[in-house]
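Every value quoted in this text rests on a predicted model; they were computed, and no experiment measured them.
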Amino acid sequence: MDPQLAPIRERGTNAVLSAAKFLLGLSSSIGGKPLLRCSGFWIDWDDESKTGTIFTTAHLIRSNNSEFDVWLGQDEYDPNAKVMVHLLDDTIVEAHLLYYQVHYDIALFSARVDSPVQFPSFNDRVQYAQEVFVLGRDEIFDLRITHGRVEYLNPDVFQRYHFMFSSKTDANQYDDGGLVIDLDGKVVGMVNISSLGSFIPCSILLKCLDLWRKYGHITRPHLGFKFLAIKFLDPLYIEKIWRKYNIDDGLIVNEVADGSNGEMLGIRRGDIISCFNGEQISTTVELENLLLDICKDFDRTNQPSVEVDVVIKVFNTRKSRWRELHLTTNISEHGEVVARGTYSSFHFGIKDFSFGGT
């Protein structure tokens with residue numbers, strides 16, 4: 001045992017064993033050719049039909065991975081892929097796709113089982129620096145357990161900005177769709193191996209589930225930006241930004257989509273957004289939760305296109321002035337595409353700053 005885990009040995013063991021009771025193995029294939037082996041977990045059970053609902057990653061049915069920039073929308077999915085569930089009693093049953101959402105890379109399946117299943121308790125308030133365990137099922141269905149902490153990190157320019165990150169270092173495909181749990185055994189997120197240690201926090205997962213249960217799909221406003229949170233930058237850079245602009249919080253615009261409404265409003269890479277609809281935003285996860293809240297009252301079932309205006313407070317770093325803008329966004333369940341626009345260069349006067357502008 002890792003000596004560093006000695007203080008939490010008993011509590012951690014109880015948490016892991018509790019969560020393992022609803023953690024599953026999943027495998028997929030197309031035309032008999034193996035596609036992916038990963039993890040998932042029960043979230044619901046219907047006693048009358050003896051059917052459970054499984055939450056997992058949409059990577060399970062991803063037939064083509066661009067392996068570069070998910071914001072270009074080049075990944076492909078096969079909803080007809082055959083998916084098998086590897087149950088805790090060592091039996092295997094076929095699963096049936098209920099829904100998948102490519103922006104969040106999540107999927108829901110149903111599977112018939114004879115006995116009731118256990119499903120998790122959730123904690124939607126995961127904290128940075130909090131200790132967590134990451135759980136998955138390997139190729140022989142053994143439990144994979146990794147201990148780590150939630151890190152103070154921004155996603156890179158090729159990643160969706162709804163991720164948080166754990167400090168675990170040995171992620172592989174078997175953990176994908178698996179659990180991130182706290183020391184009480186409550187689920188705080190679902191693993192997504194788009195990058196090392198990345199996971200989707202429960203605040204977002206639970207909102208997605210609520211939208212799916214209410215409308216049968218999961219939508220979000222497409223803003224046309226990529227962001228970085230100031231608070232997760234190196235303190236050296238935060239201090240330099242504060243000295244230059246008297247700003248030490250908010251989201252830095254890291255990309256503006258070509259031809260987007262934001263670009264037409266004059267928002268450029270390097271501008272700083274502090275508020276959305278009057279709410280102060282410090283992290284991209286806070287922003288994503290706000291975007292999902294906007295969609296609670298939007299049912300697109302019989303509406304091919306729905307638009308909504310959001311009010312944003314933007315600091316123009318080239319003119320050193322604040323503006324309040326009304327940004328029209330499209331509500332969509334598709335993966336948001338953000339291709340770099342024409343106006344992409346900027347600098348804060350910081351050598352080797354992560355944006356790389358000139």
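In the model, D105 has no side-chain atom that pairs as donor or acceptor with a side-chain atom of T57 under 3.5 Å. For the 3.5 Å distance criterion, the side chains of E333 and Y215 fail to qualify, holding no donor opposite an acceptor.
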Evaluate the side chain to side chain donor-acceptor pair (under 3.5 Å) criterion for residues T51 and D46: first the C-alpha distance (whole Å), next the side-chain angles of each, then the deciding distance (0.1 Å), finally the verdict. CA-CA 5 Å; T51 300; D46 182 75; 5.8 Å; no
Salt bridge (charged side-chain N to carboxylate O under 4.0 Å, His left out) between D138 and R37, intermediate numbers included: CA-CA 8 Å; D138 67 15; R37 183 73 183 257; over 6 Å; no
Could you check W322 against Y245 for ring pair (Phe, Tyr, Trp, His ring centres under 6.0 Å), going step by step and ending with a plain yes or no? CA-CA 11 Å; W322 287 100; Y245 301 118; 9.7 Å; no
Could you please spell out the steps behind the salt bridge (charged side-chain N to carboxylate O under 4.0 Å, His left out) verdict for K226 and D69? CA-CA 12 Å; K226 301 178 187 179; D69 186 352; 3.3 Å; yes
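The shortest side-chain heavy-atom distance between R112 and V93 does not fall under the 4.5 Å cut-off. When side chains are defined from C-beta on, L23 counts as touching S39, because their heavy atoms get closer than 4.5 Å. In this structure, C208 and I106 have side chains that are in contact, with non-hydrogen atoms separated by less than 4.5 Å. Residues K186 and I181 form no side-chain contact, since every pair of their non-hydrogen atoms from C-beta on lies 4.5 Å or further apart. Residues T329 and I294 fail the side-chain proximity criterion, which asks for heavy atoms closer than 4.5 Å. Residues L36 and Q173 form a side-chain contact, since some pair of their non-hydrogen atoms from C-beta on lies under 4.5 Å apart. Residues P79 and Y100 have side chains in contact (heavy-atom distance under 4.5 Å, counting atoms from C-beta outward). The closest side-chain heavy-atom distance from R220 to I204 is not below 4.5 Å.
Residue Y161 forms a ring pair (Phe, Tyr, Trp, His ring centres under 6.0 Å) with just one option from F232, Y104, F227, and that option is F227. Each of L287, V253, N330 was scored for a side chain to side chain contact (heavy atoms under 4.5 Å, CB included) with L223, with one residue passing: L287.
No continuous path of ILVMFWY side-chain contacts below 4.5 Å connects L24 to Y174, so the two sit in separate hydrophobic clusters.
In this structure, SG on C38 lies 6.0 Å from CG on D176, to the nearest 0.5 angstrom. Distance CZ/F133 to CG/L5: 5.5 Å, rounded to 0.5 Å. Atom CD of residue E94 and atom OG of residue S110 lie 10.0 Å apart, to the nearest 0.5 angstrom. The distance from atom CG of L291 to atom CZ of F276, rounded to the nearest 0.5 Å, is 7.0 Å.
Between H103 and H162, the distance from one ring center to the other falls under 6.0 angstrom.
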